[in-house]
Amino acid sequence: MKKQILIVGSGFSGMWAAVSAARVADIEGCNDLRITVLAPRAELRVRPRFYEEQVAGFVAPLSDLFAELNIEFIAGDAERIDVKEKIVWYRDPHGGTVPATYDRLVLATGSQTRRPPIAGLAEHAFDIDQLESAQVFEKHLDSLVTRPASAARNTVVVCGGGFTGIELATELPARLRARFGDDTETKVIVVERGAAIGGRYSEALRSTIEAASDELGVEWRLNSEIEAIDASGVTLKNGERIDALTVVWTAGVEAHPLSEQIDGERDSQGRLKVNASLQVPAQADIYATGDMAHAKTDDLGNTALMTCQHAIQLGKFAGHNAAASLLNVEPYPYRQVNYVTCLDLGAWGAVYTEGWEQEVKSVRDEAKKIKIAITNELIYPPAADRAVAFAAADPLAKFV
């Protein structure tokens with residue numbers, strides 16, 4: 001009877017976990033390993049691009065790749081994990097509840113926007129966290145053209161000045177000009193509770209973000225928090241009122257709630273703390289990866305971030321180790337020493353840094369070329385070719 005690796009999620013980490021596991025089986029000449037991906041659709045949604053226009057196109061089909069590598073696919077939404085019986089219960093496309101068994105389980109269900117209990121947030125704020133919500137936001141921007149011109153119509157408030165908030169805010173001036181024309185005065189305002197623009201980043205990176213914001217006309221409200229959101233704007237906790245028909249929430253993410261069903265220690269973002277093999281210590285048959293995993297990247301105290309850069313490599317290691325544990329192959333301890341940051345800054349360009357100290361290496365057009373190469377090519381799935389896919393899935397191969 002074949003051993004079963006069940007991978008829940010087809011995002012960056014889930015997709016690469018499946019390919020990496022198939023690679024181990026191929027190297028070992030094993031036909032007794034069944035690798036299955038459980039996800040709503042056999043596709044990779046290129047989430048790092050959801051701040052851009054034409055978001056519906058940022059989807060890469062996976063059916064041909066899976067077929068080429070003998071990876072099975074189940075369409076469904078995982079709902080419950082029975083760790084004792086080693087079963088994942090999922091909702092199929094017809095609404096039925098169906099079991100899927102496993103010998104090794106890889107949790108790769110990613111993350112979601114954290115939505116605190118702020119008045120009006122659920123009813124009036126947009127987000128670009130998922131493909132569907134990013135499409136809703138894009139349609140809303142299109143609809144603004146039919147509204148009477150006003151300061152509120154021409155203003156967008158971005159709640160949260162982290163990576164996603166910065167990329168969206170610096171892209172928005174061009175997106176608004178494309179709809180309203182170059183002669184219409186528009187405003188993009190970032191509300192950030194921190195005391196500095198890009199406060200989590202290096203001084204050089206912060207200075208670059210500030211320079212780009214100034215040139216693009218993006219305003220920042222620092223040391224500020226949202227008190228309430230309504231249909232015509234936001235009220236800050238300091239009493240300031242900003243009239244805006246468009247409010248976008250980008251303040252924080254948390255691991256998919258499926259992680260709560262696993263007995264294990266978690267971090268403040270709900271990620272399961274894993275060992276070097278990416279196993280959940282209390283559940284040796286379960287591996288957490290991508291945004292579900294709190295994993296050490298090196299021996300210096302750095303931890304994987306909720307980025308596709310880390311999710312891709314985490315997936316490769318998790319898939320390798322899950323397969324290795326069933327085939328008596330040595331696992332690879334997860335390590336990802338190299339770290340880069342490439343932040344899109346709209347019409348200004350981009351900024352590219354290297355190392356955890358975030359040393360700026362290139363800016364503007366030169367960095368923009370790097371950003372485009374990363375988001376339009378590097379992070380997309382490999383070709384449906386065994387040799388190409390398996391070479392890319394090697395956890396020890398150079399990535400960045």
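Index from 1, following the sequence.
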Clusters formed by hydrophobic residues whose side-chain heavy atoms approach within less than 4.5 Å: which one holds Y339, and what are its other members?
L305, W356
Going by the rule side chain to side chain donor-acceptor pair (under 3.5 Å), which residues pair with K368 if we only count those two or more places apart in sequence or in a different chain?
D344
Derivation and outcome, salt bridge (Lys or Arg N to Asp or Glu O under 4.0 Å), residues R23 and D394
CA-CA 8 Å; R23 173 182 175 272; D394 182 355; 3.5 Å; yes
Find the distance between OH (Y332) and CZ (F317) and round it off to the nearest 0.5 Å.
8.5 Å
Check side chain to side chain donor-acceptor pair (under 3.5 Å) between E132 and all other residues, then give those that pass, not counting sequence neighbours.
R45
S232 side chain to R241 side chain, donor-acceptor N/O pair below 3.5 angstrom
yes
Is a salt bridge present between E185 and R177, judged by a nitrogen-to-oxygen distance below 4.0 Å?
no
Donor-acceptor check, side chain of S207 to backbone of E203, threshold 3.5 angstrom: yes or no?
yes
Please go through V253's hydrophobic cluster and name the other residues, only I, L, V, M, F, W, Y counting, with side-chain heavy atoms under 4.5 Å joining them.
M306
Indicate yes or no: at least one non-hydrogen side-chain atom of V24 is less than 4.5 angstrom from one of L327.
yes
Residue pair E210 / S213, side-chain heavy-atom distance below 4.5 Å:
no
Show me the side-chain donor-acceptor pairs of residues 139-151 shorter than 3.5 Å, one per line, residues at least two apart or across chains.
{"from": "H140", "atom 1": "NE2", "to": "L245", "atom 2": "O", "distance (Å)": "3.4"}
{"from": "H140", "atom 1": "NE2", "to": "T246", "atom 2": "OG1", "distance (Å)": "2.8"}
{"from": "D142", "atom 1": "OD1", "to": "R179", "atom 2": "NE", "distance (Å)": "3.0"}
{"from": "D142", "atom 1": "OD1", "to": "R179", "atom 2": "NH2", "distance (Å)": "2.8"}
{"from": "S143", "atom 1": "OG", "to": "H140", "atom 2": "O", "distance (Å)": "2.6"}
{"from": "T146", "atom 1": "OG1", "to": "S143", "atom 2": "O", "distance (Å)": "2.7"}
{"from": "S150", "atom 1": "OG", "to": "R153", "atom 2": "N", "distance (Å)": "3.0"}

Non-hydrogen atoms of A17 and V106 that approach each other most closely
CB-CG1, 4.2 Å
Donor-acceptor contact present, side-chain H94 to main-chain G96, <3.5 Å:
no
Let's go through D127 and S133 carefully: what are the C-alpha distance in whole Å and the side-chain angles of both, what is the deciding distance for side-chain hydrogen bond (donor to acceptor under 3.5 Å, both in side chains) to 0.1 Å, and is it a yes or a no?
CA-CA 6 Å; D127 70 70; S133 60; 2.6 Å; yes
Any side-chain heavy-atom pair of I35 and F66 under 4.5 Å:
no
When you measure from the side chain of N275 to the backbone N and O of P281, does any donor-acceptor pair fall under 3.5 Å?
no
Take D285 and K86 through the salt bridge (Lys or Arg N to Asp or Glu O under 4.0 Å) test and state the conclusion after the steps.
CA-CA 9 Å; D285 296 329; K86 295 186 180 181; 2.8 Å; yes
Just by distance, do the side chain of S259 and the backbone of G270 share a donor-acceptor pair under 3.5 Å?
yes
Is a side-chain N or O of Q336 found less than 3.5 angstrom from the main chain of Q309, in a donor-acceptor match?
yes
So do the side chains of N321 and Y287 get within less than 4.5 Å of each other, counting heavy atoms only?
yes
If only atom types and distance count, is the side chain of Q313 paired as donor or acceptor with the main-chain N or O of F399 below 3.5 Å?
no
To the nearest 0.5 Å, atom CZ of R175 lies from atom CZ of F180 at 11.5 Å
Checking Q112 now: which residues fulfil side chain to side chain donor-acceptor pair (under 3.5 Å) with it, not counting sequence neighbours?
none
Test salt bridge (Lys or Arg N to Asp or Glu O under 4.0 Å) applied to R34 and E72, step by step
CA-CA 8 Å; R34 175 176 293 160; E72 298 182 14; 3.2 Å; yes
I'd like to know if D26 pairs up with R386 as an ion pair, taking the criterion as any Lys NZ or Arg NE/NH1/NH2 lying under 4.0 Å from an Asp or Glu carboxylate oxygen.
yes
Would you find a donor on one side and an acceptor on the other, under 3.5 Å apart, between the side chain of T250 and the backbone of C159?
yes
Tell me, with the steps shown, if V363 and W348 meet side-chain contact (heavy atoms from CB on, under 4.5 Å).
CA-CA 9 Å; V363 297; W348 186 89; 3.9 Å; yes
Tell me whether the count of non-hydrogen atoms from other residues, nucleotides or ligands lying under 6.0 Å of CZ in R193 goes above 12.
no
Going by atom types only, do T289 and S13 share a side-chain donor-acceptor pair under 3.5 Å?
yes
For residues 58-65, which side-chain N or O atoms pair as donor and acceptor with protein atoms under 3.5 Å away, sequence neighbours left out?
none

Can you list every side-chain hydrogen bond (donor to acceptor under 3.5 Å, both in side chains) pair that touches residues 1-11, not counting sequence neighbours?
Q4-T36
Restricting to pairs with a member in residues 187-244, which pass ring pair (Phe, Tyr, Trp, His ring centres under 6.0 Å), not counting sequence neighbours?
none
Other cluster members, W249 - Ile/Leu/Val/Met/Phe/Trp/Tyr, side-chain contacts below 4.5 Å
I118, L121, V157, I189, V191, I226, I229, V234, L236, I242, V247
Salt bridge K371-E167, side-chain N to carboxylate O under 4.0 Å
yes
S202 meets the side chain to side chain donor-acceptor pair (under 3.5 Å) criterion, sequence neighbours left out, with none
As an exercise, state the distance from CD of E377 to CD1 of I379, rounded to the nearest 0.5 Å.
10.5 Å
Can you list, pair by pair, the side-chain donor-acceptor contacts under 3.5 Å of residues 74-83, counting residues two or more places apart and other chains?
{"from": "E79", "atom 1": "OE2", "to": "R91", "atom 2": "NE", "distance (Å)": "3.2"}
{"from": "D82", "atom 1": "OD1", "to": "K84", "atom 2": "N", "distance (Å)": "3.1"}
{"from": "D82", "atom 1": "OD1", "to": "E85", "atom 2": "N", "distance (Å)": "3.0"}

Which of V340, L343, T341 passes side chain to side chain contact (heavy atoms under 4.5 Å, CB included) with Q358? It is T341
Chi angles and distances behind the side-chain contact (heavy atoms from CB on, under 4.5 Å) call for V360, T208
CA-CA 9 Å; V360 174; T208 305; 4.3 Å; yes
Side-chain donor-acceptor contact under 3.5 Å, S325 with R104
yes
Working for side-chain contact (heavy atoms from CB on, under 4.5 Å), residues D129 and R47
CA-CA 7 Å; D129 184 57; R47 194 180 185 192; 2.3 Å; yes
To the nearest 0.5 Å, what is the distance between CG (L345) and CD (E215)?
10.5 Å
With salt bridge (Lys or Arg N to Asp or Glu O under 4.0 Å) as the test, would you mind laying out the steps for E225 and K237 before giving the verdict?
CA-CA 6 Å; E225 294 187 58; K237 287 188 176 181; 3.6 Å; yes
Mind checking the CG-OG1 spacing from L176 to T155? Nearest 0.5 Å is all I need.
9.0 Å
Can you tell me if E123 has over 12 outside heavy atoms packed within less than 6.0 Å of its CD?
yes
How long is the span from the CD atom in Q279 to the CG atom in L272, to the nearest 0.5 Å?
13.0 Å
Hydrogens and angles aside, do E354 and Y352 bring a side-chain donor and acceptor to less than 3.5 Å of each other?
yes
Apply side-chain contact (heavy atoms from CB on, under 4.5 Å) to the pair D263 and Q283, showing each step before the final yes or no.
CA-CA 7 Å; D263 181 22; Q283 305 286 343; 3.9 Å; yes
